[in-house]
Amino acid sequence: MQADSIRLQEPVQSQETESLVRRLAGPSSGKAGLANDQSEINRIIAEVSKGSKFYENEKRRDKELTERINKILNIRDEVVKGVDISKIEANVDRLLAEFESQRDLTQIIVHVDMDAFYASVELLNNPELKGKPFGAILSTASYEARKYGVRSGMAGFVAKKLCPDLILIPEHFTTYMETSDQVMSIFKRYDPNMLIAGCDEGYLNITLHCEEHSVSAADCVQEMRRIVFEETKLTVSAGIAPNKMLAKICSDRNKPNGQFQLIPDRKTILAFMRELSVRKVFGIGRVNERLLESIGIKTCGDIFTHRATIALMDKQFGLHYLLKTYLGISSNEVRPPQREERKSIGSERTFSPLDDGEVLLQKLEHIASELETDMARNGWAGKTITLKYKLDTYQVFTRAKSLDRYVSSKEDLFSIGRKLFLAEGHLKLRLIGLRVTKLKDLRAPSPAGIKKFFEATTSSAHTRRKLDPEDIHKARHDYDNAEDLHIDAMPGFYEHEETMHDIEVGDIGNDDEVGALELVQDKVKSKPRPPVSAPSRSLSSPAQVCPICRQILKVDNRDLNTHIDLCLSRSAVREASNTSGGAGATENSTSSSTLMTRGWSFLMTPKDTSSRPKKRKRK
DNA sequence: GCGGATCAC
DNA sequence: TATGGTGATCCGC
């Protein structure tokens with residue numbers, strides 16, 4: 001077969017090609033949904049994309065990632081040299097035991113997830129589409145279309161190539177939002193305190209409901225799904241588990257129109273996690289998947305196998321996060337996002353590439369105007385303005401300015417944005433946007449007058465004038481109305497109350513070493529290249545001295561830094577394996593525990609919504 | 001404080 | 001010909 005001969009030749013091609021092809025398949029591939037033969041689909045996507053600016057950008061990023069991986073592998077090779085692995089493992093195992101002791105199996109958490117939500121709503125309103133592959137660019141694809149590899153976010157012409165019969169329809173955003181509200185209100189009957197996480201999913205804690213109605217979790221969810229279907233004709237999938245991370249993974253298990261329960265039993269959970277691909281875990285995307293893969297971690301079970309490596313490279317991998325993932329432990333706190341948790345508000349627009357400064361300024365002015373409206377409607381002002389732009393090459397840059405006063409008017413937003421923009425010189429852009437951070441809540445009660453607060457809330461926030469349809473539309477669109485938040489918030493899977501300063505795995509560094517590192521980092525040039533042209537990189541590499549090993553190196557700053565990383569790891573490891581009883585005598589372990597807790601270098605920790613320890617076992 | 005990167009939806 | 005918008009977080013300066 002021809003396919004075979006092609007496959008035989010494949011390994012000759014660089015890994016780069018393989019990973020690039022995967023990258024092009026899009027961010028969602030592998031996360032959820034079909035597990036069918038992706039390779040042919042990926043091949044088509046790569047072929048059709050080839051040569052475009054988008055493709056070139058993906059290629060560049062893929063190359064950078066490959067370099068990053070090589071660097072990590074080098075560090076790992078150095079770091080494991082001559083260390084007592086079993087000793088490190090023993091320390092990790094103590095950490096695991098500590099986490100284990102905090103496991104909470106008492107809550108019944110449900111993750112509900114509408115099946116192909118937008119597409120399903122379209123089907124209701126246009127039954128003609130039934131059984132046909134259709135999609136709306138950038139927002140949805142029916143299950144039939146997904147079979148062909150069509151994904152949301154995909155360029156129309158690529159989608160058409162995958163599925164020539166694809167029907168493209170306009171999207172009806174307001175309808176989706178109204179339907180979403182309808183569905184959410186049903187969920188709220190089971191948990192009025194639920195967390196809405198986007199327009200088609202949410203988390204519920206049904207512990208109380210099940211107790212009060214003497215009903216099992218499975219029956220409760222079954223009923224909830226039935227009622228949603230009866231009232232809206234939409235199907236929903238659900239996962240039942242003792243925490244948010246597990247519930248979310250479970251809701252994907254029997255999709256579409258199914259539910260899956262992970263019984264709250266330690267052994268069951270461990271067995272479940274052992275086989276689970278790390279890619280399914282919230283917070284692990286395409287990049288982290290590849291980084292983990294590079295050190296042999298594909299499933300959550302592999303985390304345990306490689307726990308020593310991870311511990312030695314906590315900075316790169318985030319030991320605590322991965323250990324909790326391996327154990328299937330995460331936050332089980334369910335509550336709506338609070339207004340004061342809001343960190344930024346922004347607006348941005350993509351257009352066909354443009355290099356006329358005047359026209360770009362007009363775009364910027366329009367953005368400023370939209371942002372003003374948005375901020376006014378929701379009662380925000382802010383101190384820092386960030387300009388964002390994307391070149392026609394798809395490279396993204398941001399430029400920020402902090403002020404000594406709060407702003408919210410279009411005039412302020414535009415004039416600051418314009419300054420930032422003009423400082424960049426001549427650019428060819430495909431996107432421009434503004435974001436405001438350091439927010440002040442204009443609706444927050446003033447510290448001075450409680451009375452004022454009371455009047456304000458009763459008149460404007462709670463019993464405001466009747467909503468007209470326009471208002472509903474807008475409120476849905478911009479997520480943060482007082483009561484009914486539709487914020488795409490981080491569910492906050494992991495609480496890392498770091499109560500374990502007494503446990504150390506690889507005591508990374510003493511203060512001297514930290515100091516040395518910082519000293520060097522100060523000298524390192526900031527790497528972002530100037531956006532337009534300007535060849536980056538200094539050409540020659542002056543000789544430099546490593547502050548740790550005193551070796552003289554003829555390398556540039558970046559490589560020097562890599563070298564120092566190695567040196568630091570090495571000495572840290574020596575120390576860790578030389579120190580007998582590493583954990584015992586460290587009552588005051590500020591430096592190491594700081595480093596430990598800070599080690600989230602690339603595995604983003606979903607936000608820890610502090611607060612309300614449900615049943616903290618220890619203080 | 002700033003800028004780049006990653007991630008979720 | 002052609003690949004989104006909003007918000008969050010973390011790291012390394």
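Per chain, numbering begins at 1; letters A, B, ... match sequence-line order.
- Put simply, A:Arg342 has no side-chain N or O that comes within less than 4.0 Å of OP1 or OP2 on C:dA8.
- A:Gly153 comes within 4.0 angstrom of a nucleotide base, judged by non-hydrogen atoms across all strands.
- Using a 4.0 Å heavy-atom cutoff across all strands shown, A:Lys53 reaches no nucleic acid atom at all.
- Considering only side-chain N and O atoms, A:Arg68 lies under 4.0 angstrom from the phosphate OP1 or OP2 of B:dT6.
- With rounding to whole Å, A:Glu348 atom CD is found 8 Å from C:dG4 atom C1'.
- A donor-acceptor pair under 3.5 Å is formed between the side chain of A:Ser180 and the backbone N or O of A:Cys199.
- Distance A:Leu371 CG to C:dG7 C1': 13 Å, rounded to the nearest Å.
- In this model, the phosphate group of B:dT6 is not approached by any side-chain N or O of A:Asn288 to a distance below 4.0 Å at OP1 or OP2.
- There is no side-chain donor-acceptor pair under 3.5 Å between A:Asn57 and A:Thr393.
- Residue A:Ser49 is classed as a base contact, given a heavy-atom separation below 4.0 Å to a base.
- Residue A:Arg349 places its side chain closer to C:dT6 than to any other of C:dT6, C:dT3, B:dG4.
- Here the separation of B:dC7 from C:dG4, taken at their C1' atoms, is 15 Å to the nearest Å.
- Between the side chains of A:Glu348 and A:Tyr389, not a single donor N or O lies within less than 3.5 Å of an accepting N or O.
- With 3.5 Å as the limit, one finds no donor-acceptor pair spanning the side chains of A:Ser237 and A:Asp113.
- The nearest whole Å value for the distance from the NZ atom in A:Lys161 to the P atom in C:dT3 is 16 Å.
- The CD-P distance, from A:Glu424 to B:dG4, rounds to 9 Å in whole Å.
- Under 3.5 Å, the side chains of A:Thr386 and A:Arg435 contain no donor-acceptor pair of N or O atoms.
- Set against B:dC7, C:dT3, B:dC2, the side chain of A:Ser402 has B:dC2 as its closest nucleotide.
- Judged by the 6.0 Å and 45° rule, A:Arg418 forms no cation-pi pair with A:Phe421.
- Along DNA chain C, the nucleotide closest to A:Pro353 and the one closest to A:Ser344 are compared, and the more 5′ of them pairs with A:Pro353.
- With hydrogens and angles ignored, the 3.5 Å screen pairs no side-chain donor or acceptor of A:Arg430 with any backbone N or O of A:Leu354.
- Of the two residues near DNA chain B, A:Arg286 and A:Thr386, the one whose nearest nucleotide lies more 5' is A:Thr386.
- Taking atom CD of residue A:Glu341 and atom P of nucleotide C:dT9, one finds them 9 Å apart after rounding to whole Å.
- If you check C:dG4, B:dC9, C:dG5 against the side chain of A:Leu431, the one that comes closest is C:dG5.
- Among B:dA8, B:dC7, C:dG12, the nucleotide with an atom closest to any side-chain atom of A:Lys315 is C:dG12.
- Distance, A:Leu354 CG to C:dT1 C1': 16 Å, rounded to whole Å.
- Nearest to the side chain of A:Ile345, among C:dT3, C:dG7, B:dG4, sits C:dG7.
- Side-chain proximity of A:Phe282 to the nucleotides C:dG7, B:dC9, B:dG4 is greatest for B:dC9.
- Mapping A:Arg61 and A:His111 onto DNA chain B by nearest heavy atom places A:Arg61 closer to the 5' end of the strand.
- For C:dA2, the OP1/OP2 oxygens have no side-chain nitrogen or oxygen of A:Ser52 closer than 4.0 Å.
- Taking side-chain N and O atoms only, A:Arg430 has a distance below 4.0 Å to OP1 or OP2 of C:dG4.
- When distances run from any side-chain atom of A:Val287 to the nucleotides B:dT6, C:dT6, B:dG3, the shortest one goes to B:dT6.
- Of the listed nucleotides (B:dG3, B:dA5, B:dC9), B:dA5 has the atom at the smallest distance from the side chain of A:Glu64.
- Closest contact between the side chain of A:Lys390 and the listed nucleotides C:dT3, C:dG4, C:dT6 involves C:dG4.
- Across C:dT6, C:dG7, C:dT3, the shortest atom-to-atom separation from the side chain of A:Ala155 is found for C:dT3.
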